[in-house]
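Indexing begins at 1, ligand by ligand and atom by atom, following the structure's order.
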Amino acid sequence: MTGTVAVIGAGTMGAGIAQCLAQAGRDVIVVEPDPNAVARARKSLDEAVRLALLLGRGDRRTALEAARRVRWTDRIDELGEVDFVIECATERIELKERLFAELDRHCPPGAVLASATSAIPIARLAAATGRPEQVLGLHFMNPAPLTDAVEVVRGEQTSAHTLTRATDLLTALGKESIVVGDRPGFVLNRLLMLTIAQAAATLDTGTDAATVDALFERCLGHKMGPLRTADLIGLDNVADTIDVLHRETGEDHYRVPPALATLVAAGHFGRKTGQGFHDYR
Ligand code: NAD
């Protein structure tokens, strides 16, 4: 498979995934309506190329070609020649359902439509298309260029051929595929979002964020505590994901805790804004 890959949304995940694809030699088209998001994503791609050059990774021509391999547009109807799509737009069910219906209309019949969703069941997105056997979840972790494996979500109707095309693409990006079944939050976020919500709830008892994370990092040896992980994901995305989990499972423990809701309402989304449970300024 050598055709162009489309990335929908140039936020934290879209920018990182576009970088992985371009550095692996794939042509990429990124669809993003927000010009500020495009500017940020272009800057992060340029910085990654500069860093690769600085560290002597690959030759100069290869690194510069990676940046040139990415085309940016705000038009979803320019996807007539792609053979694989990775949708990375904001975690809202109705938005993604609408996007999948549009992707189905504008992409060639053979194109695979994948979503980087954190929690939305793949069956819901597949149902918005006329090609449910070509829809699956590719739950990359953040930062996408630095992570080793991807949680691959096989929907009930995802075909074996689609799964192979997806895992082949991930192999070409140097990533292992870990395949799981389709349920809200899949495996990782079903557990992780509960941990983050409960960790944030402990802040109401007077324990501070540094203490909560220190317990996970120093007592359990985790690389990063749950609140620092939430700051890395983006607190707006964490709140959206917990909302999706509540809506899709009906389980009451998936509730955005007050400490998290307050930060999101104040525009403190974690690392990307400089402040979250921790201060990065
Ligand atoms: P983000 O807020 O950083 O970026 C989302 C981008 O989608 C924004 O730039 C927004 O303008 C764009 N967008 C909105 N509507 C669009 C449309 N109609 N067409 C094209 N683009 C559109 O969010 P993110 O953190 O990059 O998350 C993107 C997806 O990846 C979400 O589904 C999220 O749940 C998932 N995800 C996030 C993480 C993480 O750690 N941040 C990890 C795994 C999966």
Colleague: With the threshold set at 4.0 Å, does a side-chain nitrogen-carboxylate oxygen contact exist between Arg71 and Asp27?
Modeller: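 No, Arg71 and Asp27 are not salt-bridged.
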
Colleague: Measuring from atom 2 (O) of ligand 1, which candidate in Lys272, Glu87, Arg75 has the nearest non-hydrogen atom?
Modeller: Lys272

Colleague: From Thr241 OG1 over to Leu192 CG, what is the distance, rounded to the nearest 0.5 angstrom?
Modeller: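 The OG1 atom of Thr241 sits 9.5 Å away from the CG atom of Leu192.
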
Colleague: If you count the atoms of ligand 1 from 1 in the order shown, which ones are under 4.0 Å from a heavy atom of Ile233?
Modeller: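 With Ile233 as reference, the close atoms of ligand 1 come out as 39 (C), 40 (O), 41 (N).
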
Colleague: Could an N or O of ligand 1 be found under 3.5 Å from any N or O of Glu91, whether backbone or side chain?
Modeller: yes

Colleague: Go through the steps for Asp148 and Lys175 under the test salt bridge (charged side-chain N to carboxylate O under 4.0 Å, His left out), then give the verdict.
Modeller: CA-CA 5 Å; Asp148 295 330; Lys175 306 217 182 281; over 6 Å; no

Colleague: If I apply the N/O under 3.5 Å rule, does Asp236 come out as touching ligand 1?
Modeller: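 In this structure, Asp236 places no N or O atom under 3.5 Å from an N or O of ligand 1.
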
Colleague: Taking the basic N atoms (NZ, or NE/NH1/NH2) and the acidic carboxylate oxygens, is any pair closer than 4.0 Å for Arg131 and Asp104?
Modeller: yes

Colleague: Number the atoms of ligand 1 from 1 as they appear, then name those within less than 4.0 Å of a heavy atom of Gly9, with their elements.
Modeller: 7 (O), 20 (C), 21 (N)

Colleague: Taking atom CZ of Arg190 as the centre, does the number of heavy atoms from other residues, nucleotides or ligands within less than 6.0 Å exceed 12?
Modeller: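 Check passes, neighbour count above 12.
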
Colleague: List every atom of ligand 1 that sits less than 4.0 Å from any heavy atom of Thr117, numbering the atoms from 1 in the order shown and giving each element.
Modeller: 32 (O)

Colleague: Using protein heavy atoms only, decide if any is under 4.0 Å from atom 23 (O) of ligand 1.
Modeller: no

Colleague: Just jot down the ligand 1 atoms closer than 4.0 angstrom to any heavy atom of Glu32, in number order.
Modeller: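 Checking each atom against Glu32, I get 6 (C), 7 (O), 8 (C), 9 (O), 10 (C), 11 (O), 12 (C).
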
Colleague: Number the atoms of ligand 1 from 1 as they appear, then name those within less than 4.0 Å of a heavy atom of Ala37, with their elements.
Modeller: 9 (O)

Colleague: Check whether any heavy atom of Lys96 sits under 4.0 Å from an atom of ligand 1.
Modeller: yes

Colleague: Can you find a non-hydrogen atom of Met141 under 4.0 Å from ligand 1?
Modeller: no

Colleague: Against Arg124, only a single residue in Glu97, Glu156, Glu94 fulfils salt bridge (Lys or Arg N to Asp or Glu O under 4.0 Å); can you say which?
Modeller: Glu97

Colleague: Considering only heavy atoms, does Leu95 approach ligand 1 within less than 4.0 Å through its side chain, its backbone, both, or neither?
Modeller: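 It is the side chain that gets close, since no backbone atom is under 4.0 Å.
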
Colleague: For atom 19 (N) of ligand 1, state which one of Ser115, Pro33, Ala41 supplies the nearest heavy atom.
Modeller: Pro33

Colleague: Centroid-to-centroid, His246 to Tyr254, below 6.0 Å?
Modeller: no

Colleague: Is it the case that ligand 1 has an N or O less than 3.5 angstrom from some N or O of Leu232?
Modeller: no

Colleague: In this structure, does ligand 1 have an atom that sits under 4.0 Å from one of the heavy atoms of Ala116?
Modeller: yes

Colleague: Quick one: which of Cys88, Ser118, Ala89 has a heavy atom closest to atom 31 (C) of ligand 1?
Modeller: Ala89

Colleague: Relative to ligand 1, is Asn237 under 4.0 angstrom through side chain, backbone, both or neither, heavy atoms considered?
Modeller: side chain

Colleague: Suppose I only count heavy atoms of Phe140 and a 4.0 Å limit; which atoms of ligand 1 are within that range?
Modeller: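 Selected atoms, number and element: 42 (C), 43 (C), 44 (C).
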
Colleague: Do any nitrogen or oxygen atoms of Asp34 lie less than 3.5 angstrom from nitrogen or oxygen atoms of ligand 1?
Modeller: no

Colleague: Considering only heavy atoms of Asn142, which atoms of ligand 1 have at least one such atom less than 4.0 Å away?
Modeller: 39 (C), 40 (O)

Colleague: Can you list the atoms of ligand 1 that are under 4.0 Å from a heavy atom of Ile8?
Modeller: 19 (N), 20 (C)

Colleague: Less than 4.5 Å apart, any side-chain heavy atom of Leu99 and any of Ile76?
Modeller: yes

Colleague: Ile233 and side chain to side chain contact (heavy atoms under 4.5 Å, CB included): which single residue from Met13, Met141, Arg271, Met193 fits?
Modeller: Met193

Colleague: Could you measure the distance from the CG atom of Leu232 to the CG atom of Leu227? Nearest 0.5 Å is fine.
Modeller: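 Interatomic distance, Leu232 CG to Leu227 CG, rounded to 0.5 Å: 12.5 Å.
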
Colleague: Mark yes when over 12 heavy atoms from residues, nucleotides or ligands other than His161 sit less than 6.0 Å from its NE2; otherwise mark no.
Modeller: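 Not more than 12 within 6.0 Å, no.
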
